[in-house]
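Note that ligands are numbered from 1 as they come in the structure, with each ligand's atoms numbered from 1 the same way. Sequence positions, counted from 1, serve as the residue numbers for this chain. Atoms considered below: every heavy atom in the structure, side chains included; atoms not considered: hydrogens, waters and symmetry mates.
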Amino acid sequence: MNATAGGYRIIENARLDARNSFGVAVRAPLLVEVTRSEALPELFHHAMPGDVRPLVLGGGSNILFARDPEGVVLALASGAIQPIGETDGATCVRADAGVVWHDFVLWTLGHGLSGLENLALIPGTVGAAPIQNIGAYGVEVRECVHAVEAFDRQAGIFVRLASEACAFAYRDSLFKREPDRFVVTAVEFRLPQRFTPRLQYAGLTEELASMGITDPPRASQVAEAVMRIRRRKLPDPAVLGNAGSFFKNPIVAETSAQALLAEHPDLPSYPSGDPATRKLSAAWLIDRCGWKGRREGDAGIAPTHALVLVNHGQASGAQLLDIARQVAADVHARFGIALQPEPRIVGARW
Ligand code: EPU
């Protein structure tokens with residue numbers, strides 16, 4: 001590999017502990033830190049030819065390393081934010097993949113722009129946000145994504161995919177389905193200049209009221225309420241290693257949902273967007289199986305939220321995965337539902 005070309009830096013035998021929010025102690029034989037995405041064609045065509053398929057790492061907040069990654073790990077460290085124009089009452093802003101997501105949310109609020117306030121404090125980077133279509137408190141990022149810029153490894157060119165071409169779905173996108181094809185380099189957001197609060201998610205209005213806000217809130221106040229709820233419920237990865245929700249809320253046939261709801265009327269369920277299916281609360285199913293707060297060694301389930309797999313210190317990725325599989329097996333045995341993990345698992349199959 002040619003280490004002299006500009007725009008990237010190579011680190012051999014790199015520790016990834018601080019680059020994955022589970023804090024799992026793994027090492028990459030080669031870590032390539034890309035500071036200018038313009039360097040990607042050169043990197044792929046000349047420096048990493050053939051079938052080298054690097055693992056692209058964002059903030060490492062949605063990944064579980066079951067063992068050391070084998071090949072090259074690529075991290076995008078580009079960090080610019082730039083307004084790029086206005087269209088029908090909205091401002092378009094372009095942010096590089098390497099920008100820290102929460103910093104970007106704060107930047108938009110500081111510039112009088114709204115749309116992302118419900119997504120405050122989600123760990124990770126801007127580049128990772130469209131990959132799993134991050135969502136929280138009734139909003140998904142796809143609603144504000146105007147276009148995604150990426151390097152298409154198959155075609156060897158930079159592409160710009162309009163939102164409709166990204167195949168966004170619940171915690172899913174084209175980029176998640178084809179991880180070896182696209183390297184997201186920047187995201188363009190379309191952010192309304194007029195703020196419309198989105199407060200339908202249970203607890204948000206109550207949180208604002210507890211902050212003494214009863215009038216229509218400002219976007220920054222909604223962000224503050226979201227941050228307060230998140231800090232209370234979700235462990236801080238800097239204190240207790242985790243990747244947010246480890247399991248997706250399962251989407252099941254409406255008939256199966258109704259059968260389960262008849263038996264368990266307190267099981268929270270939500271519309272899935274398709275009348276033939278319904279989304280169920282994975283946290284409730286896991287909680288009912290008695291897993292909340294349980295641990296084996298340093299791997300366990302958070303005491304504050306049943307969806308969150310946690311590393312109490314020195315757990316290996318394999319130990320964390322083992323607990324997650326036990327949780328899923330119990331939920332399947334008791335409720336007949338096959339839970340799917342939300343993060344990407346490296347080095348093992350689910
Ligand atoms: N619940 C339990 N036990 C628990 C936690 C929750 O029974 O330990 C039940 C409660 O009835 C609660 C319901 O589950 O009302 C829903 O819980 P919560 O509001 O915390 O939301 P969630 O469905 O568990 C989803 C996202 C989160 C996001 C929150 C808020 C998924 C997989 N998770 O969690 O996203 O922050 O809604 O919008 O969709 C993430 O993706 O990493 C993430 C944290």
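Shortest non-hydrogen contact noted between Pro217 and Val222 is CG-CG2, 3.7 Å. Between Asp152 and Gln154, the shortest heavy-atom distance links the atoms OD1-N, 2.9 Å. Taking both residues in full, the closest heavy atoms of Val184 and Leu76 are given as O-CD2, 3.5 Å, listed atom of the first, atom of the second, then distance. Nearest heavy-atom pair, Val226 versus Ala120, reported as atom, atom and distance to 0.1 Å: CG1-O, 3.9 Å.
Salt-bridge annotation for Arg231 and Asp236: absent, with no side-chain N of the basic residue lying under 4.0 Å from a carboxylate O of the acidic one.
Residue contacts with ligand 1 for Trp291 are absent, since no atom lies close enough (heavy atoms, distance under 4.0 Å). The part of Ser281 lying near ligand 1 is the side chain, judged by heavy-atom distances below 4.0 Å. Within the 4.0 Å heavy-atom criterion, the part of Phe247 lying near ligand 1 is the backbone and not the side chain. When heavy-atom distances to ligand 1 are checked against a 4.0 Å cut-off, Arg288 has no atom that comes that close, whether in backbone or side chain. Both the backbone and the side chain of Asn249 come within 4.0 Å of ligand 1, judged by heavy-atom distances.
Applying the 4.0 Å criterion to heavy atoms of Tyr270 picks out, from ligand 1, the atoms 13 (C), 16 (C). Close contacts of ligand 1 with Arg230, meaning ligand atoms under 4.0 Å from a residue heavy atom, involve 36 (O). Atoms of ligand 1 found under 4.0 Å from any heavy atom of Gly244, numbered from 1 in the order shown, are 42 (O). Of all atoms in ligand 1, numbered sequentially from 1 with element shown, those under 4.0 Å from a heavy atom of Pro268 are 11 (O). Those atoms of ligand 1 with a heavy atom of Ala136 less than 4.0 angstrom away are 36 (O), 38 (O). Taking every heavy atom of Lys233 and a limit of under 4.0 angstrom, the matching atoms of ligand 1 come to 18 (P), 19 (O), 20 (O).
Exactly one residue among Leu109, Thr108, Val139, Ile122 makes a side-chain contact (heavy atoms from CB on, under 4.5 Å) with Leu116. That residue is Thr108. Exactly one of Leu30, Asp68, Val32, Leu57 qualifies for a side-chain contact (heavy atoms from CB on, under 4.5 Å) with Val73. That residue is Leu57.
Nearest protein neighbour of atom 39 (O) of ligand 1, counting heavy atoms only, is Tyr170 OH, 2.7 Å. Here the protein heavy atom with the shortest distance to atom 21 (O) of ligand 1 is Tyr201 OH, 3.0 Å. Atom 38 (O) of ligand 1 has Tyr137 N, 2.5 Å as its closest protein atom, hydrogens excluded (heavy atom only). Of the protein's non-hydrogen atoms, the one nearest atom 6 (C) of ligand 1 is Ala283 CB, 3.4 Å. With hydrogens left out, the protein atom closest to atom 26 (C) of ligand 1 is Arg171 NH2, 3.4 Å, a heavy atom. When hydrogens are left out, the protein atom nearest atom 7 (O) of ligand 1 is Trp284 CA, 3.3 Å; that is the closest non-hydrogen contact. The closest protein non-hydrogen atom to atom 20 (O) of ligand 1 is His305 NE2, 2.6 Å. The protein heavy-atom contact nearest to atom 42 (O) of ligand 1 is Ser245 N, 2.8 Å.
Of the possible polar contacts, one joining the Ser114 side chain to the Pro192 backbone as a donor-acceptor pair under 3.5 Å is found. With hydrogens and angles disregarded, a donor-acceptor distance shorter than 3.5 Å links the side chain of Glu117 to the backbone of Gly115.
Annotation: side chain of Phe175 is not in contact with side chain of Gln132 (no heavy-atom distance under 4.5 Å).
Checked by atom type, the side-chain pair Gln326/Asp330 shows no donor-acceptor distance below 3.5 Å. Side-chain atoms of Ser78 and Ser37 include no donor-acceptor pair closer than 3.5 Å.
Geometrically, ligand 1 and Lys248 share no nitrogen or oxygen pair separated by less than 3.5 Å. Where the criterion is an N or O separation shorter than 3.5 Å, residue side chain and backbone included, Leu307 fails it with respect to ligand 1. Remark: ligand 1 and Asp287 share an N or O pair separated by less than 3.5 Å (distance only, no angle test).
For atom 12 (C) of ligand 1, no protein heavy-atom neighbour is found at a distance under 4.0 Å.
For Arg142, the side-chain contact (heavy atoms from CB on, under 4.5 Å) partners two or more places apart in sequence, or in a different chain, are Asn133, Glu140, Phe168.
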Please report, to 0.1 Å, the donor-acceptor pairs under 3.5 Å made by any side chain of residues 91-102, with sequence neighbours excluded.
{"residue": "Thr91", "atom": "OG1", "partner": "Gln193", "partner atom": "NE2", "Å": "2.9"}
{"residue": "Arg94", "atom": "NE", "partner": "Glu149", "partner atom": "OE1", "Å": "3.2"}
{"residue": "Arg94", "atom": "NE", "partner": "Glu149", "partner atom": "OE2", "Å": "3.0"}
{"residue": "Arg94", "atom": "NH1", "partner": "Asp96", "partner atom": "OD1", "Å": "3.3"}
{"residue": "Arg94", "atom": "NH2", "partner": "Glu149", "partner atom": "OE1", "Å": "2.8"}
{"residue": "Asp96", "atom": "OD2", "partner": "Ala80", "partner atom": "N", "Å": "2.9"}
{"residue": "Trp101", "atom": "NE1", "partner": "Leu119", "partner atom": "O", "Å": "2.9"}
{"residue": "His102", "atom": "ND1", "partner": "Leu121", "partner atom": "N", "Å": "2.8"}

